[in-house]
Amino acid sequence: TITFLAAECLGYTRTDLGKLFVFIGLTIAFVQGGLVRRLAPKLGERLLVRAGLFATIPSFLLVAAAHTAGTAGDNASGVTLLYAGVFLMAVGSAFAMPCLSALASRYAPADRQGLSLGVLRSMGSLSRALGPILGAGLYWRFGAAFPYHAGAGFLILPLALALRLPA
């Protein structure tokens with residue numbers, strides 16, 4: 001729904017959206033390729049998953065605030081909030097996703113690692129398929145900020161579960 005929000009509330013063109021997605025992609029590539037592989041052995045996957053989920057919650061709230069600023073006519077603040085939000089979102093997901101795969105493998109017994117990773121990947125695929133449909137429905141039914149507030153709220157459960165992961 002970021003494309004809807006950026007176009008509707010901030011007047012983004014296709015070129016602006018392309019730049020936004022390049023920014024997201026480069027951020028993810030830098031964090032996963034440069035930081036995660038260096039930090040995971042030092043800090044551990046549990047800490048990086050927690051940090052990633054913790055960063056993602058305010059990222060959703062920043063994107064929702066970009067909508068508010070943009071609709072109030074303050075495009076400069078809206079753009080700043082949007083980029084801050086997608087930056088935190090990209091960093092958070094870049095920390096969490098590879099580390100979740102590592103943890104799923106580590107916590108599963110040796111004879112069930114394939115099953116564990118398969119279920120994790122299947123649930124991720126299902127989320128990536130249903131998430132945009134649900135998000136778009138919420139966007140058009142309740143307004144541009146609602147899916148981001150809901151997303152931040154939904155992330156509290158995985159964060160709570162990540163805080164309880166055993167050593």
Side-chain angles (χ1 to χ4, degrees), residues 1-5 20-21 23-68 80-139 141-167:
T1 60
I2 285 178
T3 55
F4 301 145
L5 184 144
L20 179 68
F21 285 111
F23 174 76
I24 293 168
L26 290 175
T27 302
I28 291 171
F30 173 76
V31 172
Q32 280 185 351
L35 292 178
V36 172
R37 68 182 179 91
R38 289 186 176 102
L39 293 176
K42 294 177 185 174
L43 302 176
E45 285 88 2
R46 287 182 318 139
L47 179 62
L48 293 181
V49 165
R50 292 170 182 162
L53 291 171
F54 187 76
T56 307
I57 292 171
S59 78
F60 278 73
L61 299 177
L62 286 168
V63 173
H67 160 263
T68 304
T80 301
L81 290 166
L82 178 66
Y83 269 85
V86 298
F87 176 77
L88 276 178
M89 195 180 301
V91 169
S93 67
F95 275 155
M97 296 315 296
C99 293
L100 281 172
S101 294
L103 289 175
S105 174
R106 288 189 183 173
Y107 287 137
D111 64 329
R112 293 192 182 157
Q113 286 181 340
L115 174 65
S116 174
L117 289 171
V119 169
L120 177 71
R121 296 288 185 196
S122 295
M123 291 297 106
S125 294
L126 184 62
S127 298
R128 286 185 292 280
L130 295 179
I133 295 168
L134 177 61
L138 293 173
Y139 183 97
R141 175 76 171 117
F142 298 108
F146 189 82
Y148 299 98
H149 289 127
F154 286 136
L155 282 170
I156 293 171
L157 177 61
L159 178 60
L161 292 171
L163 291 172
R164 297 180 53 140
L165 288 172

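One-based numbering along the sequence shown.
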Shortest non-hydrogen contact from P98 toward S93: CD-O, 4.0 Å
Pairs where residues 26-62 contributes a residue and the test ring-ring contact (aromatic ring centres under 6.0 Å, His included) is met, not counting sequence neighbours: none
Smallest separation among heavy atoms of L117 and S101, with atom names: CD2-O, 3.3 Å
Closest contact, heavy atoms only, A96 versus V49: O-CG2, 3.9 Å
Separation between CG of L82 and CD1 of I2, rounded to the nearest 0.5 Å: 6.5 Å
Pairwise distance CE(M89) to CD1(I57) - rounded to 0.5 angstrom: 12.0 Å
Considering all heavy atoms, the nearest Q32-A94 contact: CG-O, 3.5 Å
Pairs satisfying salt bridge (Lys or Arg N to Asp or Glu O under 4.0 Å), at least one member in residues 109-126, at least two apart: none
Between CG on residue L48 and CG on residue L100, distance to nearest 0.5 Å: 10.5 Å
Contact summary for A64 and H149, nearest pair of heavy atoms: CB-NE2, 3.7 Å
Any side-chain heavy-atom pair of F95 and T56 under 4.5 Å: no
All side-chain contact (heavy atoms from CB on, under 4.5 Å) counterparts of A65, not counting sequence neighbours: L81
L61 vs Y148 side-chain heavy atoms within contact, under 4.5 Å: no
Residues which pass side-chain contact (heavy atoms from CB on, under 4.5 Å) with F142, listed by chain and number, not counting sequence neighbours: L138, F146
Rounded distance [0.5 Å steps], CZ in R141 versus CG in L134: 13.5 Å
Spatial distance of atom CZ (R50) from atom CG (L163) [nearest 0.5 Å]: 5.5 Å
F23: ring-ring contact (aromatic ring centres under 6.0 Å, His included) partners, not counting sequence neighbours: Y83
Donor-acceptor contact below 3.5 Å, side chain S105 vs main chain Q113: no
A160 backbone acceptor or donor facing R164 side chain under 3.5 Å: no
Enclosure of Y107 OH (heavy-atom neighbours >12, cutoff 6.0 Å): yes
S59 versus L88, closest heavy-atom pair with distance: CB-CB, 3.5 Å
Nearest-0.5 Å distance that lies between atom CZ in R38 and atom CG in L43: 13.5 Å
Residues forming a ring-ring contact (aromatic ring centres under 6.0 Å, His included) with F87, sequence neighbours excluded: none
